[in-house]
Number of protein chains: 4
Amino acid sequence: MRGETIEQIFHSAVEVFAHSGFERAKIDDVARHAGVAKGTIYYHFKGKEELFVALMRDGMEKMTEQIHRQMGREPDPLRRLRALLQAQVEYLYEHGTFAKLLLSESWGSVERQQEFRAKIRELVELIEEVLIQGAEEGSFRPQMSHHDTAVAMFGAISVSVLQDLFSPERTGTREERVAGLVANLEKLFVDGVVVSKGKT
Amino acid sequence: MRGETIEQIFHSAVEVFAHSGFERAKIDDVARHAGVAKGTIYYHFKGKEELFVALMRDGMEKMTEQIHRQMGREPDPLRRLRALLQAQVEYLYEHGTFAKLLLSESWGSVERQQEFRAKIRELVELIEEVLIQGAEEGSFRPQMSHHDTAVAMFGAISVSVLQDLFSPERTGTREERVAGLVANLEKLFVDGVVVSKGKT
Amino acid sequence: MRGETIEQIFHSAVEVFAHSGFERAKIDDVARHAGVAKGTIYYHFKGKEELFVALMRDGMEKMTEQIHRQMGREPDPLRRLRALLQAQVEYLYEHGTFAKLLLSESWGSVERQQEFRAKIRELVELIEEVLIQGAEEGSFRPQMSHHDTAVAMFGAISVSVLQDLFSPERTGTREERVAGLVANLEKLFVDGVVVSKGKT
Amino acid sequence: MRGETIEQIFHSAVEVFAHSGFERAKIDDVARHAGVAKGTIYYHFKGKEELFVALMRDGMEKMTEQIHRQMGREPDPLRRLRALLQAQVEYLYEHGTFAKLLLSESWGSVERQQEFRAKIRELVELIEEVLIQGAEEGSFRPQMSHHDTAVAMFGAISVSVLQDLFSPERTGTREERVAGLVANLEKLFVDGVVVSKGKT
DNA sequence: AATGAATGAGTTTTCATTCAT
DNA sequence: GATGAATGAAAACTCATTCAT
């Protein structure tokens, strides 16, 4: 298992990186925050970049893992979509710092950014699979491009969470906020905004 | 009208900031790219921050303006939504560099970032109005929170555009790509993913 | 012509590098010594390495140049050899700091060291030419390898100078010391150590 | 006898120090190269400096020893000179790494460097003795300064060896190379470059 | 208006050395 | 005897900003 110190550094690094973004973040701060000497960080990580990438990798892994766990083996596509939605929103809301980094540090040509986008693609594919499964099964409308739709849904989810996290005027407990966001997204994704004549 | 030199600097700054992000971007690079001396930039702008903010303000302004122009006075909510969608996607796709900055430089507590989020909120409100109007008029389903739904839609739009712009394997002309994205988003927003018995 | 500041930095850099060797030398010291800010050095030179290489290049150039000048157009090989000897010893003695760097920083596989060796080869070739010329003309004994002999002579010259410079107990004016070294080297190179029967 | 581990460290240290020079060499590299932990080196040696000095002392000792052995008790000055030459070239060529360190780490005011110069002086004195003996015996020309001549010869020897070792284009077996260098140096030292009428 | 040399505070990174196990 | 994680002082290097011309 990963050592105590590394865990410590990791934890502090998330805080600091999220608070300041990759460039603004100072290794000095990570060290101070973690209660270790600066050299210790360089003993465990090659440099700022490596630490950050390790961090994000870890975050994405945990996220994917938790989502998988929460979705379980639900066979019904609609319920599966709901579970996925709930899981993603919950995770991102819980790890707002990570969510912020994901959305702000993924667009560019630096190698690390390409890796992040690849990770995002994994998340998108999770959604995509649910969409495809639903379409095959007949309960979901076949999409022009399941992938593009999945991307749009991921965008909706992540930006919703971030916007909410950065809204100073938001009220209610975290659970309530999450529930609200999930319900809203579900409504949008499932039924769209237009009143369908066939439904009440 | 703004002088030749300032225009030059502005133009180069967009390029450089978009390529590297605010922190990574170097004034030196902007100067070289613009073909002026570094001092010249400081003669016209107070500093890096001011240059960047001026830039973003300009971009947001043009965006809002163009969107307003494109939407015209279309009274039908559904058509109005379509027009809005088309306009936003088109603008962001066209100004990918700006889209990238918008999504990556808006999350944080630095003052400038709060200003960017405020601008995003303006865009979101544009969507919100359409939703509200549609709901009042009866063609749109009343949302739990029109604002949250609008945010979600904005997220879907912007992330879709960015993901597409950074996809190396994308094919087709820009017009085709934009049309595809718009069609897909429209489908999702209007009808959702679930097959409704009442519709064909 | 090269700017005042650069000249200043150059001058200080020779001092500092020679005193401490490449690795031990601190850019901070060069800056302080030159009376400029650290940043100024980095404004003019890419880094420590570039400064050092520029320095050595400059030193070698001046050395070659001065030697050429001093040797003039003397056609007689023996006199030419003497002139060369005198010029090399004089220059190295005068620029002991440079001599030290040349001998201590030229052996290794770092690129810069290869360049230094190439420069040394130029000096060696100067000697070689004299030897070949003398051999063709008949006054010098044909050597097994003029190049190897030239290398040996260069080694003798440079180490003699360094050893003398670092001898705490040396006496006499610089001119006397140089004259002594030159005379001694000349004796060795010209006649060898063995008593030849054909000479008194 | 010295323990296995110490021997290992010693051996690796020679490699690493020779490859990078004293300053550039990292204890980490020595440890990795030796297959021991960094702490182990500090268990056996007080520090980097001590390790290096111990190393050089060892090298110088072995060198002096081997040279003495090879020279034997040859009474004839000329043959004695030849033997000395052969022994020095051979040792330095064989221990090129050591030769490099000797020439590059001996010029400076750090204590260790003074010690190295003292050791060099020992080598020089070996040569000096031969010269003096030859002069007293009558077969060598009396020198202005036997010491200076000896220094020059040492310089010629060591630089010749180094230049050869670092020549990428050198050909032939090591024995051949050594033999060539020795022959050439002998020719130079014994007869000089000038054709003397009294010899064939 | 424009320039570009100079600055120095701020960061990242390195590495010999220590020490608890 | 041996280990290797942890340290922190010491350097190298960056870059937004200033200012004399």
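As the structure is a computational prediction, the values presented were derived from the model and not from experiment.
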Checklist entry - Aromatic rings C:Phe22 and C:Phe52: how do their planes relate, parallel, tilted or perpendicular, breaks at 30° and 60°? => result tilted
Checklist entry - Are any of the side-chain heavy atoms of C:Lys119 and C:Arg57 separated by less than 4.5 Å? => result yes
Checklist entry - Of all residues at least two apart in sequence or in a different chain, which pass the side chain to side chain donor-acceptor pair (under 3.5 Å) check with C:Glu122? => result none
Checklist outcome for this item: Counted 5' to 3', the first and last nucleotides of DNA chain E within 4.0 Å (strictly under) of a heavy-atom of chain D are E:dC15 to E:dT18
Item to check | Stretch residues 27-37 of chain B: residues that reach within less than 4.0 Å of DNA chain E through a heavy atom | outcome: B:Val36, B:Ala37
Item to check | Runs of at least three consecutive pairs that involve DNA chain E, where pairs are Watson-Crick or G-U with distances under 3.5 Å | outcome: E:2-21 with F:2-21
Checklist entry - In residues 39-54 of chain D, which ones come under 4.0 Å of DNA chain F, going by heavy atoms? => result D:Gly39, D:Thr40, D:Tyr43, D:His44
For residues 34-46 of chain C, please give each side-chain donor-acceptor pair under 3.5 Å, one per line with the distance, not counting sequence neighbours.
| residue | atom | partner | partner atom | Å |
| --- | --- | --- | --- | --- |
| C:Thr40 | OG1 | C:Ala37 | O | 3.3 |

Checklist entry - Is there a side-chain contact between D:Glu49 and D:Arg112 (heavy atoms, below 4.5 Å)? => result yes
Item to check | Spatial distance of atom CD (A:Gln113) from atom CE (A:Met56) [nearest 0.5 Å] | outcome: 10.0 Å
Next on the checklist: I want to confirm an ordering. Mapping B:Phe22 and A:Lys38 to their closest nucleotides on DNA chain F, which one lands closer to the 5' end?
Outcome noted: A:Lys38
Item to check | Close side-chain approach of C:Ser158 and C:Leu102, heavy atoms under 4.5 Å | outcome: no
Next on the checklist: A side-chain contact here means heavy atoms from C-beta on lying under 4.5 Å apart; do A:Leu92 and A:Met63 qualify?
Outcome noted: yes
Item to check | Side chains of B:Phe116 and B:Leu101 in contact at under 4.5 Å (non-hydrogen atoms) | outcome: no
Item to check | Heavy-atom check, side chain of D:His19 versus side chain of D:Thr97, under 4.5 Å | outcome: no
Next on the checklist: Tell me if a side-chain donor or acceptor on C:Arg117 pairs with a main-chain N or O of C:Gly108 at a distance below 3.5 Å.
Outcome noted: yes
Checklist entry - When rounded to the nearest 0.5 angstrom, what distance separates CG in B:Leu103 from NZ in B:Lys100? => result 11.5 Å
